[in-house]
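Working notes, structure below.
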Amino acid sequence: MDVETWLRSLGLGQYEQAFRDNDIDEAVLITLTAEDLQEIGVASLGHRKRLLMAIAALAGAHDAEGSPPLGASAQRPLAVAKEQAERRQLTVMFVDLVGSTALACRLDPEEMRELIRAYQDRVAGAVARFDGHLAKFMGDGVLAYFGWPRAYEDDAERAVRTGLCVTAAVAGLSTPSGETLAARVGLATGLVVVGDLIGCGEARERHVVGEAPNRAARLQAMAKPGSVVIDEPTRRLVNGLFEVEDLGPTRLKGVAEPVSAFTLLIEKVGMCRFDARSAIVRPLVGREIELGLLLQRWHQARAGAGQAILLIGEAGIGKSRMVRALMDAVHEDDHVCLRYQGSPLHTDQALWPVRQQLGFAAGLASDDDAQTRLTKLALLLRQAVEVDADTVALIATAAGMAEADPAWAAAAPRKRRERALDALLDQLLGWARQRPVLVIIEDAHWLDPTTLELFDQALDRTVKAPVFLLFTSRPDNLPSLSADPRVMPLPLSRLSRDAITRIAADAAGSTLPADVVEEGVTG
């Protein structure tokens, strides 16, 4: 097993040198504890947890192959499953290694063993990276659940990203003769009963019963090498976030009615979640006072007095709708709008929201080579402020858009970060010298520490600039800048009965019965 490749598959390639310096090979890897990781320099709690989850998955794979069990001190259970079965909505993932039977006929058994081990490591790393549950290895097949034993609001999205990550990671493997490997993935979402213990001894496992596992297996069988096929329920849950190819109604073995199937293509980069998921934007109701306050602060910012507001509200209460309303209201004003989106899947990736914003604004494509990406980024940055090639490379490196730049390789990490943040703030102020700037930072509760540091510095440097910083956040995980006196909190309370009635009538196209409205108000 290549430990460095394994780290990169988890998105944690920055620790390759630390692992090399401490002589951590495969045998040592599966014995690491949280304390060990902290000792070798993995300071981030999120990174340590991600590594421990991936190590636990590796340990399970090794035990399944007959390796000696790990000592109690090395085992870190991720979650304790309940003994009784549960009714859950799961997104089920089946992965298959293409052409494994033919490979087994051509390769020496030892070579095939190493190949299967490397393949399983890649898949296990991807599942752990997105907090899925690795249910079972079946030779060249892998079964994983998203939604049990942990449940997240975006389990389907996590499964889709895992599938894309798996196909990309396996494509990086090859046989001793240089033949490239490929995986195919099937994903299906539905209600299941999960958690019953079946079997005994080493064959003991948590069983799942429902249509989704069967559908996922059939979709995997029809997928082309290197592709991910999903069903209609999964597509609805990730609607707008990914490009898909409609395969039309498809007959699956054992399924009576044709099933709608879709091949995943690429992620739609740069769109906020509200715009991606909302094909129809309904009129804003019951938020006139809040919108008026936002517009008042925008006008103050346009006059040269920098403003910052933190819009606070629980999930689904309408924070993104308020942002959209503000953008619509100032649409005709001469200004620059910079949008950043926090993500629960990237809280430990420095400047990930900046990477997304720059990539979208610069028009980066997935097939751009390194030089093309730097050229496009330079053209974007120079619209706001003059920058040299070294600074462009530094920003690209800091935001994870390019490999480490040799010109800055010898500099201390803190110095590189500080210089990169200065360069990004120079770009913001460069835009502000040309016209007012509206900066929207959605889901700030999911921002990584480096991005928070960037916007904390932006508060200092935009006090006398025509810049309006609008953050949104859930109340249960407020970002550290929420305590900053320069940031005005604006809580969103629940809508009034009248507002809910008007929204319901607009969505239904007619006035709803009183009992239906009452259920919506009290529910």
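Put simply, the side chain of Thr162 gets close to the backbone of Arg158: a donor and an acceptor are under 3.5 Å apart. Judged purely by atom type and a 3.5 angstrom limit, Asp231 uses its side chain to pair as donor or acceptor with the backbone of Thr234. A donor-acceptor pair under 3.5 Å links the side-chain atoms of Arg122 to the main chain of Ala169, judged by distance alone. Without hydrogens or angle criteria, His335 side chain to Asp333 main chain gives a donor-acceptor distance under 3.5 Å. In this structure a side-chain-to-backbone donor-acceptor pair under 3.5 Å is missing from Gln296 to Leu291. Panel note: side chain Thr472, backbone Asp443; a donor-acceptor pair is recorded below 3.5 Å. Under a 3.5 Å cut-off, the side chain of Lys319 and the backbone N or O of Glu314 do form a donor-acceptor pair. A distance-only check finds a donor-acceptor pair linking the side chain of Asp448 to the backbone of Thr450 [under 3.5 Å]. Panel note: side chain Arg215, backbone Thr189; a donor-acceptor pair is recorded below 3.5 Å. Remark: side-chain polar atoms of Arg88 are not paired, donor with acceptor, to backbone N or O of Val192 under 3.5 angstrom.
Taking 4.5 Å as the limit, every side-chain heavy atom of Leu394 sits out of range of all side-chain heavy atoms of Asp390. Looking at Val127 and Met93, their side chains come closer than 4.5 Å, going by heavy atoms from C-beta outward. Side-chain contact between Leu490 and Leu294: present, with at least one pair of heavy atoms (C-beta onward) separated by less than 4.5 Å. Residues His133 and Phe146 fail the side-chain proximity criterion, which asks for heavy atoms closer than 4.5 Å. Annotation: side chain of Val228 is not in contact with side chain of Val160 (no heavy-atom distance under 4.5 Å). Between Leu326 and Met322, every side-chain heavy-atom pair lies at or beyond the 4.5 Å cut-off.
A salt bridge links Asp368 with Lys376; the closest basic N to acidic carboxylate O contact falls under 4.0 Å. Ion pairing of Arg287 with Glu290 is present here, as a side-chain N (NZ or NE/NH1/NH2) and a carboxylate O approach within less than 4.0 Å. By the 4.0 Å N-to-carboxylate-O rule, Arg129 lies too far from Asp348 to be salt-bridged with it. Electrostatic pairing of Glu153 and Arg474 counts as a salt bridge here, judged by a charged N lying under 4.0 Å from a carboxylate O.
Between Ala212 and Val92, the shortest heavy-atom distance links the atoms CB-CG2, 4.1 Å. When every heavy atom of Thr167 is checked against every heavy atom of Val185, the shortest pair comes out as CG2-CG2, 3.9 Å. Between Asn477 and Ser473 the shortest heavy-atom distance is O-OG, 4.0 Å. A pairwise comparison of heavy atoms in Leu351 and Ala398 identifies CD1-O, 3.8 Å as the closest pair. Here the shortest heavy-atom pairing between Ile317 and Leu492 reads CD1-O, 3.2 Å. Here the closest heavy-atom approach between residue Phe94 and residue Pro213 is recorded as CE1-O, 3.3 Å.
Side chains of Gln307 and Trp298: no donor on one and acceptor on the other come within 3.5 Å.
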Query - Residue pair Arg419, Thr391: steps toward the side chain to side chain contact (heavy atoms under 4.5 Å, CB included) verdict - result: CA-CA 9 Å; Arg419 182 67 189 89; Thr391 301; 3.7 Å; yes
Query raised in the report: Checking salt bridge (Lys or Arg N to Asp or Glu O under 4.0 Å) for the pair Arg302/Asp334: CA distance, chi angles, key distance, verdict?
Result: CA-CA 10 Å; Arg302 282 174 57 85; Asp334 182 27; over 6 Å; no
Requested in this report: Give the intermediate values and the outcome of side chain to side chain contact (heavy atoms under 4.5 Å, CB included) for residues Leu470 and Glu442.
Outcome: CA-CA 8 Å; Leu470 176 59; Glu442 294 203 64; over 6 Å; no
Requested in this report: Take Leu187 and Val229 through the side chain to side chain contact (heavy atoms under 4.5 Å, CB included) test and state the conclusion after the steps.
Outcome: CA-CA 6 Å; Leu187 293 170; Val229 175; over 6 Å; no
Report task. Test side chain to side chain contact (heavy atoms under 4.5 Å, CB included) on Arg161 and Phe242 and set out the steps. Result -> CA-CA 10 Å; Arg161 293 187 183 278; Phe242 300 87; 3.9 Å; yes
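Between Trp446 and His346, the distance separating the two ring centers is not shorter than 6.0 angstrom. Taking the six-membered ring for Trp, Tyr340 and Phe455 have ring centres closer than 6.0 Å.
Atoms CG and CG, from Leu438 and Leu338 in turn, are 8.0 Å apart once rounded to the nearest 0.5 Å. Atoms CG and OG1, on Leu425 and Thr462 in that order, are 9.0 Å from each other to the nearest 0.5 Å. How far CZ of Phe468 is from CD of Gln300: 9.0 Å, rounded to the nearest 0.5 Å. Separation of atoms CG (Leu377) and CZ (Arg382) is listed at 9.5 Å; rounding is to 0.5 Å. Between Glu453 atom CD and Gln457 atom CD the span is 5.0 Å, to the nearest 0.5 Å. In this structure, the separation between OG1 on Thr451 and CG on Asp456 is 12.5 Å, given to the nearest 0.5 Å.
Cation-pi geometry between Arg235 and Phe262 is satisfied (NZ or CZ under 6.0 Å from the ring centre, within 45° of the ring normal).
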